[in-house]
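Beneath this line is the structure, given in structure tokens, with notes to follow.
Letters go in sequence order (proteins before strands), and every chain restarts at 1.
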2 protein chains.
Amino acid sequence: MTLPRPDPDAAPLRSSSEAVPHDLIELLFFAYRDFVGDPDRILADYGFGRAHHRVLHFVQRRPGLTIAELLDILQITKQSLNRVLKELVEKGYIEQRTGRQDKRQRHLHTTATGQDLALRLVRLQAKRINRALASVGPEAAATAAQYLSALIDPSEQPKVNRLLGKP
Amino acid sequence: MTLPRPDPDAAPLRSSSEAVPHDLIELLFFAYRDFVGDPDRILADYGFGRAHHRVLHFVQRRPGLTIAELLDILQITKQSLNRVLKELVEKGYIEQRTGRQDKRQRHLHTTATGQDLALRLVRLQAKRINRALASVGPEAAATAAQYLSALIDPSEQPKVNRLLGKP
DNA sequence: TGAGATATGTCAATAAGGCTGACCCAAATT
DNA sequence: AATTTGGGTCAGCCTTATTGACATATCTCA
């Protein structure tokens with residue numbers, strides 16, 4: 001099966017002086033797909049999906065996170081969050097603790113089981129990333145991080161930087 | 001609302017000597033989300049979703065693509081592809097031409113309308129990427145491309161390289 | 001020529017992960 | 001005491017994906 005080559009004349013940029021970096025567009029699609037594919041396969045054994053992974057990941061990373069903070073990070077509705085969070089709590093991967101100062105808040109923590117799974121998943125993703133960095137040279141790490149960071153909505157960047165601990 | 005900082009001692013890497021680049025893991029999530037968010041908003045006006053976008057994009061990029069080739073790129077089932085492809089054809093964004101040598105094949109092409117939409121979307125994504133490149137320096141483009149490419153499953157890399165026209 | 005492989009299309013059922021809208025309670029704030 | 005905030009929940013809907021089964025046309029090869 002031979003794929004046709006991209007046709008350079010197919011889309012002349014008449015009304016735009018900006019170049020279109022097709023490779024960066026398509027590579028992000030393929031890279032992201034394979035990147036989340038690894039965890040997906042494991043999560044399926046637990047009856048979890050991608051949404052559970054994200055919740056587990058950020059709770060593991062930021063123990064004590066509240067619901068509101070998690071909603072702000074994930075940018076989904078509380079109904080969507082609640083479904084997966086409830087399952088993670090019921091199955092014993094995440095624990096909710098009522099806030100001490102503000103008793104309305106629920107602070108989220110991974111249980112020992114939750115930590116095991118979160119670590120297993122994050123190591124799997126780290127493996128892929130480290131393999132990539134090894135192949136392009138470790139100097140690329142900083143550049144890649146800066147590039148990905150700059151792709152984020154400027155309005156979201158402060159939040160993400162805080163999240164990553166880079167104020 | 002103040003987010004707690006990542007807890008560096010929360011997940012000691014007892015059973016792994018590999019470092020875990022949390023920033024690169026999380027940045028990929030945020031970057032991808034915002035990257036596909038732009039087109040999503042536009043597509044909603046047309047009654048299309050992300051799946052339609054991917055089909056339209058690759059057909060625009062590789063005019064004459066067959067169904068089998070597209071399935072191989074997207075890695076979804078033909079039933080999934082068929083639903084969105086049918087809608088794109090019915091609404092006049094994509095055209096199917098029966099193969100000349102092999103009459104079983106359908107060669108896919110964007111219509112004029114399809115090209116307009118595809119270009120609009122690709123320019124939007126290019127804008128975000130070019131903004132990012134401008135902020136980190138254009139030298140970063142090659143590094144970012146290499147890094148993203150190296151994230152892809154090694155078994156898939158030849159295919160992607162062919163697709164991008166870099167053999 | 002006839003058998004089998006290939007390319008595509010389609011039906012039906014199911015699941016995951018999102019959404020909106022409408023409520024509810026308890027606790028904090030003013 | 002009244003209002004706002006943090007969180008939970010019900011119900012219904014959409015999109016994208018899946019599996020499995022089957023249909024049809026066309027191509028290839030013995």
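- Between A/Ser80 and C/dC19 there is a side-chain polar atom (N or O) within less than 4.0 angstrom of OP1 or OP2.
- For the pair A/Leu85 CG and D/dG6 P, the computed distance is 17 Å after rounding to whole Å.
- Judged by distance alone with a 3.5 Å cut-off, a donor-acceptor contact links the side chain of A/Gln79 to the base of C/dG21.
- A/Glu156 meets the side chain to side chain donor-acceptor pair (under 3.5 Å) test with A/Lys159; sequence neighbours excluded.
- Listed for the A/Arg128 side chain is a donor-acceptor partner under 3.5 Å among the backbone atoms of B/Leu151.
- Residue contacts shown for B/Glu87 are absent, as no nucleic acid heavy atom lies under 4.0 Å away.
- Residue B/Arg83 is classed as a base contact, given a heavy-atom separation below 4.0 Å to a base.
- Backbone-only engagement by B/His52 is indicated by non-hydrogen atom pairs under 4.0 Å involving sugar-phosphate atoms exclusively.
- The phosphate of C/dG9 (OP1 or OP2) has a side-chain N or O of B/Gln96 nearer than 4.0 angstrom.
- Of the candidate nucleotides C/dG17, D/dT16, D/dT26, D/dT26 has the atom nearest to the side chain of B/Asp102.
- Of the N and O atoms on the side chains of B/Glu87 and B/His52, at least one donor lies less than 3.5 Å from an acceptor on the other residue.
- Ring geometry for B/Phe48 against B/Tyr93 counts as perpendicular: the plane angle is over 60°, on a 0 to 90° scale with 30° as the lower cut.
- Among D/dT9, C/dT8, C/dC19, the nucleotide with an atom closest to any side-chain atom of A/Lys86 is D/dT9.
- For D/dT5, its base sits under 3.5 Å from the side chain of A/Arg104 at one donor and acceptor pair at least.
- Here B/Arg54 reaches the OP1 or OP2 of D/dA17: one of its side-chain N or O atoms lies under 4.0 Å away.
- The rotation axes computed at either terminus of the helix from C/dT1-D/dA30 to C/dT30-D/dA1 lie 30° apart, taking five pairs at each end and rounding to 10 degrees.
- In the interface, the side chain of B/Lys103 is not paired with the base of D/dT26 through any donor and acceptor atom under 3.5 Å apart.
- Electrostatic pairing of B/Lys127 and B/Asp38 does not count as a salt bridge here, judged by no charged N lying under 4.0 Å from a carboxylate O.
- For D/dG8, the base has a donor-acceptor partner in the side chain of A/Lys78 [N/O atoms by modelled type, under 3.5 angstrom].
- Residues that satisfy the side chain to side chain donor-acceptor pair (under 3.5 Å) test with B/Asn82, not counting sequence neighbours, are absent from this structure.
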